[in-house]
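Working notes, structure below.
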Amino acid sequence: MKKRIAAMVLSACMVMSMAVPAFAEEETESSVDLSAVETVTEGVLTVATSPDFAPYEFYAIDEDGNATLAGFDIALAGYIADYLGLELEIVTVDFDGVLSELQTKSVDLGIAGLSPDPDRESIMDFSDYYYYGGQSFVTVKGKEDLFTSLEDTNNPSYSIGVQTGSIQVDLANEYSPDADIVSLPKVTDIITDLLTGNLDGAYIETDVAKSYATNYEDLVLVLDVPYDVEGGAIGVSKGNETLLAAVNEAIAAALEDGSMDRFVAEANELATGEKYEGLLEEETETEALTE
Ligand code: ARG
């Protein structure tokens with residue numbers, strides 16, 4: 001289900017990122033004419049994300065007990081909106097929805113731990129990398145010994161989870177083609193099914209698996225999975241070259257001025273702390289935030 005969430009009600013993490021002075025570009029001599037950036041809605045930067053992916057994007061609990069969007073992708077979205085002098089609007093969808101929102105140009109950006117997979121280049125442009133990380137095969141305690149190599153995962157008796165639309169589908173098809181590959185809309189669904197025994201293993205981004213493993217001790221990362229594209233980039237509405245250039249400039253600034261490091265540290269802390277929302281379903285938890 002698609003939800004539009006006003007920037008005003010975003011997490012503390014967001015609010016902090018908004019403390020970055022607006023129009024910072026005036027001080028840093030932007031090489032891009034930021035006033036020429038065109039967006040889907042004038043004056044607004046519309047960003048699609050899939051908040052099932054701690055520490056990139058997830059739900060945390062604010063002081064009033066409400067579920068709020070958090071994570072370093074959300075903080076980066078706020079930074080970029082500020083950099084461009086635009087208001088931020090976040091659209092939450094499942095991950096395959098992030099891809100289709102970009103494809104239909106309903107949003108300006110997709111910020112969702114997106115791997116710049118060459119197969120996606122026909123439906124979006126990619127920014128420069130803003131984060132680096134690899135891939136893992138994950139299982140639960142007690143099943144570690146079943147998976148000592150990627151060949152072990154390629155067995156018809158195993159059910160292996162992947163997120164619909166993700167590059168993890170490709171990894172499963174490559175390394176575990178004989179297994180029962182189960183594609184689920186949310187990474188949090190995959191984790192639930194691993195914990196309840198419905199799945200034997202799953203392909204998940206390493207830092208995401210580590211984050212959930214901190215909260216769910218039964219999860220274990222057992223294998224590193226080779227993948228060519230080791231990192232995350234922003235999906236930009238295809239053909240919007242001024243926006244792409246401006247986003248790359250904002251990413252460079254966030255990496256340069258220490259903001260990105262701070263966003264990652266804050267997200268990691270929040271994702272492993274008691275304010276974390278865990279696997280609870282967004283549909284019921286975020287009603288108060290939706291318009
Ligand atoms: N990096 C992977 C991909 O691009 C998975 C991203 C999933 N993101 C999410 N927010 N669930 O396919």
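Predicted model, so just to flag it, every value in this text is computed and none were measured.
- Here the side chains of D180 and D200 are not in contact, with every heavy-atom distance at 4.5 Å or above.
- Within the 4.5 Å cutoff, the side chain of Y158 has heavy atoms near those of the L146 side chain.
- Atom CG of residue L171 and atom OG1 of residue T153 lie 10.5 Å apart, to the nearest 0.5 angstrom.
- Around the CG atom of D224, the shell of radius 6.0 Å holds no more than 12 heavy atoms that belong to other residues, nucleotides or ligands.
- More than 12 heavy-atom neighbours from other residues, nucleotides or ligands sit within 6.0 angstrom of CD on E230.
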Handout entry: Evaluation steps, side chain to side chain donor-acceptor pair (under 3.5 Å), between Y203 and Q135
Key = CA-CA 7 Å; Y203 288 90; Q135 306 298 326; over 6 Å; no

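- The two residues Y130 and A233 have their closest heavy-atom pair at CE2-C, 3.5 Å.
- Y212 places none of its side-chain heavy atoms less than 4.5 Å from the side chain of L195.
- Taking the side chain as every heavy atom from C-beta outward, S136 and I204 never approach each other to under 4.5 Å.
- Y227 and S115 are not linked by any side-chain donor-acceptor pair at a separation below 3.5 angstrom, with hydrogens and angles left out of the test.
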Handout entry: Pair Y131-D207, side chain to side chain contact (heavy atoms under 4.5 Å, CB included): steps then yes or no
Key = CA-CA 11 Å; Y131 189 78; D207 288 351; 2.6 Å; yes

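- A heavy-atom distance below 4.5 Å is found between the side chains of L114 and M124.
- Under the 3.5 Å distance criterion, the side-chain polar atoms of T164 are left unmatched by any main-chain donor or acceptor of D96.
- The shortest side-chain heavy-atom distance between I80 and I234 falls under the 4.5 Å cut-off.
- Residues I123 and L102 share a single hydrophobic cluster, defined by chaining ILVMFWY side chains whose heavy atoms lie under 4.5 Å apart.
- The minimum heavy-atom distance linking A202 with I190 is given by the pair CB-CG2, 3.5 Å.
- Placement of Y132 and F53 in two distinct hydrophobic clusters is found when ILVMFWY residues are connected by side-chain heavy-atom separations under 4.5 Å, directly or transitively.
- Closest non-hydrogen pair, S166 versus F95, comes out as CA-CE2, 3.7 Å.
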Exercise for the section: May I have the step-by-step check of side chain to side chain donor-acceptor pair (under 3.5 Å) for T68 and N66, ending in yes or no? Expected result: CA-CA 6 Å; T68 58; N66 295 317; over 6 Å; no

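- To the nearest 0.5 Å, atoms CG (L45) and CD1 (I90) are separated by 8.5 Å.
- Residues D52 and I191 are not in side-chain contact: their nearest non-hydrogen atoms beyond the backbone lie 4.5 Å or more apart.
- Within the 4.5 Å cutoff, side-chain heavy atoms of V247 are placed close to those of L109.
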Exercise for the section: Take E249 and S30 through the test side chain to side chain donor-acceptor pair (under 3.5 Å) and record every step on the way to the result. Expected result: CA-CA 8 Å; E249 199 173 275; S30 171; 2.5 Å; yes

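- A donor-acceptor pair shorter than 3.5 Å can be found between the side chains of S157 and N155.
- Cluster annotation: I167 is not connected to V98 through the hydrophobic network of ILVMFWY side chains, with a link wherever side-chain heavy atoms come within less than 4.5 Å.
- Linking Ile, Leu, Val, Met, Phe, Trp and Tyr whenever their side-chain heavy atoms come within less than 4.5 Å leaves F147 and V220 in two separate clusters.
- Formation of a donor-acceptor pair under 3.5 Å by the S237 side chain with backbone atoms of K105 is not found in this model.
- Annotation for N154 and A179: closest pair OD1-N, 3.9 Å, computed over non-hydrogen atoms.
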Exercise for the section: List the steps, then state whether ring pair (Phe, Tyr, Trp, His ring centres under 6.0 Å) holds for Y175 with F137. Expected result: CA-CA 10 Å; Y175 298 112; F137 184 84; 9.9 Å; no

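- Separating the CD atom in E151 from the CG atom in L223 is a distance of 9.5 Å, to the nearest 0.5 Å.
- Not a single donor-acceptor pair under 3.5 Å links the side chain of E101 to the backbone N or O of L99.
- At distances below 3.5 Å, at least one donor-acceptor pair connects side-chain atoms of S100 with backbone N or O atoms of G97.
- A distance-only check finds a donor-acceptor pair linking the side chain of T39 to the backbone of V44 [under 3.5 Å].
- There is no path of hydrophobic side-chain contacts, each under 4.5 Å, that joins Y129 to V236.
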Practice task
Kindly indicate, with the supporting measurements, whether the criterion side chain to side chain contact (heavy atoms under 4.5 Å, CB included) is fulfilled by L69 and Y59.
Solution key: CA-CA 5 Å; L69 271 180; Y59 287 104; 3.7 Å; yes

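- Taking OG1 of T192 as the reference point, atom NZ of K186 lies at 10.5 Å (rounded to 0.5 Å).
- Nearest heavy-atom pair across P55 and V208 is CD-CA, 4.3 Å.
- Taking CG from L255 and CG from D261, the interatomic distance works out to 8.0 Å, rounded to the nearest 0.5 Å.
- Within a 6.0 Å radius of CD in E144, other residues, nucleotides and ligands contribute more than 12 heavy atoms.
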Handout entry: Candidate pair M260 and L76, rule side chain to side chain contact (heavy atoms under 4.5 Å, CB included), full reasoning
Key = CA-CA 7 Å; M260 195 61 209; L76 180 62; 4.1 Å; yes

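- For F58 against A267, the heavy-atom pair with the smallest separation is CZ-O, 3.8 Å.
- With rounding to the nearest 0.5 Å, the separation of OG1 in T41 from CG in L86 is 10.5 Å.
- Between the side chain of N248 and the backbone N or O of D128, at least one donor-acceptor pair lies under 3.5 Å.
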Exercise for the section: Could you check D193 against L184 for side chain to side chain contact (heavy atoms under 4.5 Å, CB included), going step by step and ending with a plain yes or no? Expected result: CA-CA 10 Å; D193 278 1; L184 295 171; 3.6 Å; yes

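- Ring geometry, F72 versus Y56: the interplanar angle falls from 30° to 60°, so the pair is classed tilted.
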